[in-house]
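Report on the structure given below.
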Amino acid sequence: NPRSRKSWLAECHHIVGYWGNALLVILRTGIWTRGTGVEPVVEFKILGPLEISVREKRLKLGGARQQVVLATLLLSANRVVTLDRLLEAVYGEDLPPTARSQAQISISSLRRLVTSRSRETVISTHPQGYVLEVGGEQLDLQQFEELITVAHAARDARQLDHAVACYRDALRLWRGPALDGIDSQLI
């Protein structure tokens, strides 16, 4: 149950302070699995050109519309993105009559792209829109944010070597301007 796990992690953080924060980040991001061969199946990168990979094999994304839809979902990872927001990201204010069906086709194509190489269902449909569900170890932006959180905590605890190492690890995730090449006024 994800809620009980989150509650347990929050309790750990509260009880043990700095080390609880470090444990929380390690459990959330999967940092402890790096280099062990236990890696997430589907990974998304937005800190540079948009990329998606399954089992470390980069997938070929579809056209510009599909890329804008994916980028919009990733920027709101684990939160509902309304169809209207997706349409605004793709088309701006000039919606063609087929905009809704084209966005739905993009969602279906993204689902097929991932599920054809993995059993993971990453995009779910909700009454208000769509959610791209990712763990912290699957999205480079979330990894970056978690590393910065650990670095701040280490700095505050005067563990400067650890803080510097975390800042460097966070900066290594950047491969260029975020979502480089995505053409959208909203993004």
Side-chain angles (χ1 to χ4, degrees), residues 1-3 5-6 28-31 33-34 37-148 170 172-187:
N1 180 351
R3 288 190 182 181
R5 181 175 176 261
K6 281 185 178 182
R28 267 197 204 151
T29 64
I31 290 170
T33 64
R34 292 193 187 134
V38 179
E39 299 293 333
V41 174
V42 181
E43 294 180 285
F44 301 94
K45 295 181 179 179
I46 64 173
L47 301 178
L50 179 63
E51 290 183 14
I52 180 174
S53 60
V54 174
R55 292 183 184 86
E56 298 183 11
K57 183 178 180 188
R58 189 173 170 193
L59 302 182
K60 184 176 180 180
L61 290 168
R65 181 175 41 240
Q66 187 173 328
Q67 291 179 33
V68 170
V69 167
L70 179 59
T72 304
L73 291 169
L74 286 168
L75 287 171
S76 296
N78 302 314
R79 296 185 310 242
V80 174
V81 177
T82 64
L83 183 57
D84 288 341
R85 181 145 177 94
L86 288 175
L87 296 176
E88 182 182 358
V90 173
Y91 300 106
E93 295 180 13
D94 300 324
L95 298 178
T98 58
R100 285 182 158 341
S101 62
Q102 288 178 17
Q104 291 166 341
I105 290 168
S106 293
I107 293 289
S108 294
S109 297
L110 287 167
R111 284 178 174 151
R112 270 194 311 279
L113 180 67
V114 173
T115 57
S116 69
R117 291 162 182 85
S118 158
R119 292 187 176 169
E120 291 187 48
T121 302
V122 294
I123 302 174
S124 57
T125 303
H126 292 263
Q128 305 86 359
Y130 300 95
V131 175
L132 193 145
E133 298 169 8
V134 296
E137 72 279 2
Q138 292 179 280
L139 177 58
D140 61 355
L141 175 61
Q142 290 176 342
Q143 292 172 16
F144 176 83
E145 291 170 345
E146 295 290 346
L147 285 165
I148 294 300
R172 275 191 210 101
L173 293 171
W174 285 84
R175 301 167 293 109
L179 294 168
D180 194 26
I182 299 295
D183 185 23
S184 170
Q185 296 261 331
L186 185 63
I187 296 174

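- With sequence neighbours left out, R79 forms a salt bridge (Lys or Arg N to Asp or Glu O under 4.0 Å) with no residue at all.
- Considering all non-hydrogen atoms of both residues, L87 and A103 come closest at CD2-CB, 3.7 Å.
- A donor-acceptor contact shorter than 3.5 Å is absent between the side chain of E43 and the backbone of S53.
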Report, one line per pair, each donor and acceptor closer than 3.5 Å where one atom sits in a side chain of residues 124-136; sequence neighbours left out.
residue : atom : partner : partner atom : Å
S124    : OG   : H126    : NE2          : 3.1
S124    : OG   : E133    : OE2          : 2.8
T125    : OG1  : R111    : NH2          : 2.5

Donor-acceptor pairs under 3.5 Å, side chain of residues 178-187 to any protein atom, not counting sequence neighbours: which ones?
residue : atom : partner : partner atom : Å
S184    : OG   : A89     : O            : 2.6
S184    : OG   : L186    : N            : 3.4
S184    : OG   : I187    : N            : 3.4

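- Residues satisfying the side-chain contact (heavy atoms from CB on, under 4.5 Å) test with S109, not counting sequence neighbours, are Q66, I105, R112.
- Using a 4.5 Å cut-off on side-chain heavy atoms (C-beta onward), L50 and L74 make contact.
- Under the rule for a salt bridge (Lys or Arg N to Asp or Glu O under 4.0 Å), E145 has no partner lying at least two apart in sequence or in another chain.
- Here OG1 of T72 is found 9.5 Å from CD of E88. Values are rounded to the nearest 0.5 Å.
- Between Q138 and E120, the shortest heavy-atom distance links the atoms NE2-OE1, 3.2 Å.
- Every side-chain hydrogen bond (donor to acceptor under 3.5 Å, both in side chains) that R172 has, sequence neighbours left out, goes to D169.
- For residues 97-108, the salt bridge (Lys or Arg N to Asp or Glu O under 4.0 Å) pairs, not counting sequence neighbours, are D84-R100.
- For the atom pair L141 CG and I46 CD1, the distance stands at 4.5 Å (nearest 0.5 Å).
- By the side-chain hydrogen bond (donor to acceptor under 3.5 Å, both in side chains) test, R85 pairs with no residue at all, sequence neighbours left out.
- In this structure, CG on N78 lies 5.5 Å from CD on Q142, to the nearest 0.5 angstrom.
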### Query
Q143 and L47: side-chain contact (heavy atoms from CB on, under 4.5 Å), yes or no, with the steps?
CA-CA 10 Å; Q143 292 172 16; L47 301 178; over 6 Å; no

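- The minimum heavy-atom distance linking G62 with Q67 is given by the pair O-NE2, 2.9 Å.
- For Q102, the side-chain hydrogen bond (donor to acceptor under 3.5 Å, both in side chains) partners are R65, Y91, T98, not counting sequence neighbours.
- Residue R58 qualifies as open at atom CZ: its count of foreign heavy atoms under 6.0 Å is 12 or below.
- Side chains of L86 and L73 form a contact here, defined as non-hydrogen atoms less than 4.5 Å apart.
- Considering only heavy atoms from C-beta on, L113 stays 4.5 Å or farther from V54 through its side chain.
- Closest heavy-atom contact between F44 and L70: CE2-CD1, 4.1 Å.
- Separating the CG atom in L59 from the OG atom in S116 is a distance of 7.0 Å, to the nearest 0.5 Å.
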### Task
Dump the intermediate steps for side-chain contact (heavy atoms from CB on, under 4.5 Å) on V114 and L110, then the final yes or no.
CA-CA 6 Å; V114 173; L110 287 167; 5.9 Å; no

